[in-house]
Amino acid sequence: MSGDDFAFLDLPAIEAAPRLLGCILEREIDGHVVRAEIVETEAYDQTDAASHSYKGRTPRTDVMFGPSGHLYVYFTYGMHYCCNIVTSGDGHGAAVLIRAVEPLEGMEVIEKRRGRTGVETTNGPAKLCRALGIDKRMNGHDLRHAPLKLVVQDALSESAITRTTRIGISRAIEKPWRFYITGNPYVSKF
DNA sequence: AGCGGGATTTTCT
DNA sequence: GAAAATCCCGCTT
């Protein structure tokens, strides 16, 4: 796939989130290539009390208001990074949190970076950032380019996707804006 | 398997 | 000063 593969990221986050399932993150790190399939996502947008962008544009959330297809990385709990893919074009303050990925290539590199094996390497938003070497320096990165690319795949069928409420938030907990590939062992919580 | 607490720092009230 | 889009360890069933 090529060209305007990223066009769907100009849709609202709630529509882009399920569409990102099955897409691949390709990372060049430590002289190796690591590839992982996105298996769990959550949508956040400016009308949403749980979103970092809810209260408007700030230095922290600046990237969420920028062009789609870029990476929004935030730091939390004093030690963890989590990453989002910015959606809906300019000015809307929306993004999709990547909550879990399934390693496809470079598992040795991932396990070494994590100090864990199997599903424990990437079944959570901060875990996968550690595994793929995503931190503050990656904030704002355009996913069209190395060393971290989003490789868009065909949309999964609706029957392969489970939709539920989001995890780890205290506001707008009722919104069913979490999506995951049904039965995938790398999903953070069933 | 499940619960409780600690780590540790940025951001907002 | 408190909360935070979390993770890991240790203790109890």
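Just so we're on the same page: letters track the sequence lines, and every chain starts at 1.
For A:Y77 against C:dA3, a side-chain-to-base donor-acceptor contact under 3.5 Å is absent.
Residue A:A50 is in base contact, counting any heavy-atom pair closer than 4.0 Å across all strands shown. Among the heavy atoms of the strands lying under 4.0 Å from A:R99 are primed sugar atoms or P, OP1, OP2 only; no base atom is included. Counting any heavy atom pair closer than 4.0 Å across all strands shown, A:R114 reaches sugar-phosphate atoms only and no base atom. Within the nucleic acid shown, A:I169 comes within 4.0 Å of sugar-phosphate atoms alone, with no base atom in reach, counting heavy atoms only.
With distances taken from any side-chain atom of A:R116 to the nucleotides B:dT9, C:dA5, C:dC8, the minimum falls on C:dC8. The side chain of A:K127 lies closest to C:dC7 when the candidates are B:dA7, C:dC7, C:dA5. Closest to the side chain of A:S170, out of C:dC7, C:dA4, C:dA5, is C:dA4. In this structure, of B:dT13, C:dA5, C:dT6, it is C:dA5 that holds the atom nearest to the side chain of A:M64.
Note: CZ (A:R113) to P (C:dC7) measures 16 Å, nearest angstrom. Summarising the geometry, the separation between CZ on A:R130 and C1' on B:dA7 is reported as 13 Å, rounded to the nearest angstrom. Atom CG of A:N84 and atom P of C:dA5 are 11 Å apart (whole Å). Rounded to whole angstrom, the span from the CZ atom of A:F75 across to the P atom of B:dT9 amounts to 7 Å. Rounded to an integer number of Å, the gap from A:F190 CZ to B:dG2 P is 13 Å. For the pair A:E120 CD and B:dA1 C1', the interatomic distance rounds to 14 Å; values are reported in whole Å. If you measure from atom OH of A:Y74 to atom C1' of C:dT6, you get 8 Å, rounded to the nearest angstrom. Look at CG on A:N123: it is 13 Å from P on C:dT6, rounded to the nearest Å.
Proximity of A:K55 to the phosphate of B:dT11: no side-chain N or O atom is located under 4.0 Å from OP1 or OP2. Side-chain nitrogen and oxygen atoms of A:T58 include at least one within less than 4.0 Å of the OP1 or OP2 phosphate oxygen of B:dC12. At the phosphate of C:dA5, OP1 or OP2 sits under 4.0 Å from a side-chain N or O atom of A:H52.
Nucleotide C:dA4 forms a Watson-Crick or G-U wobble pair with B:dT9, both donor-acceptor distances falling under 3.5 Å.
In this structure, A:Y44 has its ring center at least 6.0 angstrom away from the ring center of A:H52.
Checked by atom type and distance alone, the side chain of A:R163 pairs as donor or acceptor with a backbone atom of A:P176 at under 3.5 Å. In this structure, A:R19 contributes its side chain and A:F8 its backbone to no donor-acceptor pair below 3.5 Å.
Comparing the P positions of C:dA2 and B:dG6 gives an interatomic distance of 15 Å, to the nearest angstrom.
A:Y44 qualifies as a stacking partner of the C:dA5 base, centre to centre under 5.5 Å and near-parallel within 30°.
Looking only at atom types and distance, the side chain of A:Q46 has no donor-acceptor partner in the side chain of A:S53 under 3.5 Å away.
Using the six-membered ring where Trp is involved, A:Y180 and A:F190 have ring planes that are perpendicular, over 60° apart on the 30 and 60° scheme.
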Before giving the answer on salt bridge (charged side-chain N to carboxylate O under 4.0 Å, His left out), spell out for A:E120 and A:R114 the whole-Å C-alpha distance, their side-chain angles and the decisive distance to 0.1 Å.
-> CA-CA 9 Å; A:E120 293 302 319; A:R114 285 278 298 129; 5.4 Å; no

